Amino acid sequence: MSESGSSRRPLVTVDVAIFTLRHDDLQVLLVRRRQWPYEGMWAIPGGFVGLDEPLEAAAVRKLAEETGLTDVYLEQLYTFGRPDRDPRDRVITVAYFALVPAGHLVPRAQEGEPVRWWSIYHLPPLAFDHADILHYALTRLRYKLEYTAVGFELLPETFTLTELQTAYEIILGEKLDKRNFRRKILSAGIIEPGGGYRTGEGRPARLYRYREDAVAEVKARRLFP
């Protein structure tokens, strides 16, 4: 029987690249595989999609199973389907990325668990084609950072302008001019005073928050060059 007439069909998985800002670094959550293939190697959280399960529901399920989180930003990223990407079978994966606000506790990412935060800039060898998926996810995050308010999903509810600029520099991987950054972010009209100040060394710094009624799409490309 020809392949076109065979009952064999591709399998479908979801993989979720989970980002957060920790220790002045952009980090991604990885799990250590416990079985073949790639036993002992690190991988993006994911799994097979149920026959009656919508794709996003599968992504939400895997996110909850691997992190204990259920209410974070989640967006479909891309479909990866290279024929040899999984030695078990012909497997197509629909990748998502999730953004966890700084300071959120991820219950499973604790000592002794096979789940760990890794710097996106210093990753271990990864199973399957997960290095390609993370490279694509970082590129998408940087791109969206420049024309949407998605970066605020990685920040706590209130933040200083310095903390905001630092977050953007970490994600973009480049230094930003302080005066230019502040002028553009304030003129964009997407943040407002959050009430109060952050105290510490030097002068107290005003706290800001993202305006929920702000227009998400920032019209000027490269808002934060």
Side-chain angles (χ1 to χ4, degrees), residues 10-51 53-142 144 150 153-154 167 170-171 173:
L11 301 173
V12 179
T13 61
V14 291
D15 288 304
V16 186
I18 306 167
F19 290 107
T20 196
L21 291 171
R22 299 175 74 246
H23 309 310
D24 294 325
D25 190 17
L26 179 63
Q27 300 194 351
V28 63
L29 197 70
L30 300 178
V31 298
R32 189 188 291 276
R33 288 187 55 79
R34 295 177 172 177
Q35 58 190 16
W36 182 87
Y38 304 107
E39 182 177 0
M41 292 185 67
W42 293 92
I44 302 168
F48 288 97
V49 178
L51 287 176
E53 188 177 32
L55 286 172
E56 186 165 328
V60 170
R61 173 176 57 82
K62 293 308 299 182
L63 180 64
E65 289 175 358
E66 300 295 354
T67 69
L69 299 174
T70 58
D71 186 23
V72 297
Y73 181 91
L74 182 71
E75 179 179 326
Q76 190 174 123
L77 180 65
Y78 194 71
T79 300
F80 294 81
R82 196 178 69 218
D84 62 348
R85 63 175 303 277
D86 191 323
R88 293 171 296 187
D89 209 326
R90 178 74 169 95
V91 179
I92 296 169
T93 194
V94 180
Y96 288 76
F97 74 90
L99 304 180
V100 177
H104 264 50
L105 177 66
V106 174
R108 288 200 58 196
Q110 306 298 319
E111 190 68 30
E113 288 280 1
V115 180
R116 176 182 159 185
W117 290 107
W118 288 83
S119 170
I120 191 66
Y121 304 112
H122 298 93
L123 294 170
L126 298 176
F128 304 105
D129 54 355
H130 289 187
D132 295 335
I133 294 175
L134 287 182
H135 176 77
Y136 192 96
L138 178 59
T139 301
R140 168 73 70 84
L141 179 59
R142 285 174 169 174
K144 290 182 69 70
V150 70
E153 302 290 346
L154 287 165
I170 290 170
I171 298 167

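Computed from a predicted structure; not experimentally measured.
Looking at residues two or more places apart in sequence or on another chain, you find no salt bridge (Lys or Arg N to Asp or Glu O under 4.0 Å) involving Asp24. By the side chain to side chain donor-acceptor pair (under 3.5 Å) test, Asp71 pairs with no residue at all, sequence neighbours left out. Residues satisfying the side-chain contact (heavy atoms from CB on, under 4.5 Å) test with Arg22, not counting sequence neighbours, are Thr20, Gln27, Trp117. Here Pro124 pairs with Leu30, Trp42, Trp118, Leu126 under the side-chain contact (heavy atoms from CB on, under 4.5 Å) rule; sequence neighbours left out. With sequence neighbours left out, Glu53 forms a salt bridge (Lys or Arg N to Asp or Glu O under 4.0 Å) with Arg61.
A distance of 9.5 Å separates CZ of Phe97 from CD of Glu153, quoted to the nearest 0.5 Å. For the atom pair CG (Leu99) and CG (Leu154), the distance works out to 4.5 Å, reported to the nearest 0.5 Å. Atom CG of Leu134 and atom CG of Leu123 lie 6.0 Å apart (nearest 0.5 Å). We find the CD1-CD1 distance between Ile120 and Ile170 to be 13.5 Å, quoted to the nearest 0.5 Å.
At least one side-chain heavy atom of Tyr38 sits under 4.5 Å from a side-chain heavy atom of Pro87. Contact of the Leu141 side chain with the Leu26 side chain is registered, since non-hydrogen atoms from C-beta on lie closer than 4.5 Å.
Judged as a salt bridge (charged side-chain N to carboxylate O under 4.0 Å, His left out), the pairs with a partner in residues 87-96 (not counting sequence neighbours) are, in order, Arg8-Asp89, Asp86-Arg88. Judged as a side chain to side chain donor-acceptor pair (under 3.5 Å), the pairs with a partner in residues 122-141 (not counting sequence neighbours) are, in order, Glu75-Arg140, Arg85-Asp129. The list of salt bridge (charged side-chain N to carboxylate O under 4.0 Å, His left out) pairs with a residue in residues 92-104, not counting sequence neighbours, is empty.
Residues Val72 and Ala98 approach most closely at CG2-CB, 4.3 Å, considering heavy atoms. Here the closest heavy-atom approach between residue Ile171 and residue Tyr121 is recorded as O-OH, 3.4 Å. Minimum interatomic distance between Leu21 and Ala102 (heavy atoms only, all atoms of both residues): O-CB, 3.7 Å. Between Arg33 and Ala127, the shortest heavy-atom contact is CD-CB, 3.9 Å. Here the closest non-hydrogen pair linking Ala59 and Val16 is O-CG2, 3.9 Å. Across all non-hydrogen atoms, the minimal contact from Pro45 to Glu66 is CB-CG, 3.5 Å.
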Leu138 vs Val28, side-chain contact (heavy atoms from CB on, under 4.5 Å): CA-CA, chis, key distance, verdict: CA-CA 10 Å; Leu138 178 59; Val28 63; over 6 Å; no
Going through the checks in order, is the side-chain contact (heavy atoms from CB on, under 4.5 Å) test met by Val94 and Val49? CA-CA 10 Å; Val94 180; Val49 178; over 6 Å; no
Would you be so kind as to tabulate the donor-acceptor pairs closer than 3.5 Å made by side chains of residues 76-83, with sequence neighbours excluded?
from, atom 1, to, atom 2, distance (Å)
Gln76, NE2, Tyr96, OH, 3.1
Arg82, NE, Asp84, OD1, 2.6

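The closest donor-acceptor contact from the side chain of Arg32 to the backbone of Met41 lies at 3.5 Å or more, if one exists at all.
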